Amino acid sequence: MSPIQNNRRRRKAMADINVVPYIDVMLVLLVVFMVAAPLLTQGVKIDLPKESSQPIKTTEEPVIVSIKPDGSYWFKHGAAASQPMAWEVLQTEVEL
């Protein structure tokens, strides 16, 4: 038997996937995306207004209406303590 035929008989079939080509492809894709990413961030230049805005001054106190899991309605206006009330009373309070 020749040495070449002897090597063929001793070699087992490989069942593993060769991942080296996949790593090469991933590195190429990484380089492509690194080069392309700065090109995608270009935008349209616009002229924004330079005026400064003033905060809105309100004199009204906030109205907070809460509905608890038991179905009760709670109403709070300004610094007053929150209190439970009936639906009809709540409607008249909110209308004011």
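What's counted below: heavy atoms across the whole structure, side chains too, no hydrogens, waters or symmetry copies. All values reported here derive from a predicted model rather than from experimental measurement.
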Is it the case that atom CD1 in Ile17 sees more than 12 heavy atoms from other parts of the structure closer than 6.0 Å? no

Using the ring-ring contact (aromatic ring centres under 6.0 Å, His included) criterion, which residues pair with Phe75? Sequence neighbours excluded. none

Under 4.5 Å between side-chain heavy atoms, hopping through other hydrophobics if needed: is there a path connecting Val31 to Ile23? no

Heavy-atom closest pair (Val35 atom, Pro38 atom, distance to 0.1 Å) is O-CD, 3.4 Å

Could you point out which residue of Trp74, Tyr73, Trp87 forms a side chain to side chain contact (heavy atoms under 4.5 Å, CB included) with Ile67? Tyr73

List in chain and number order the residues that pass side chain to side chain contact (heavy atoms under 4.5 Å, CB included) with Asn18, two or more places apart in sequence or in another chain; answer none if no residue qualifies. Val20, Pro21

Would you say that more than 12 heavy atoms from the other residues, nucleotides or ligands in this model lie under 6.0 Å from the CG of Asp47, or not? no

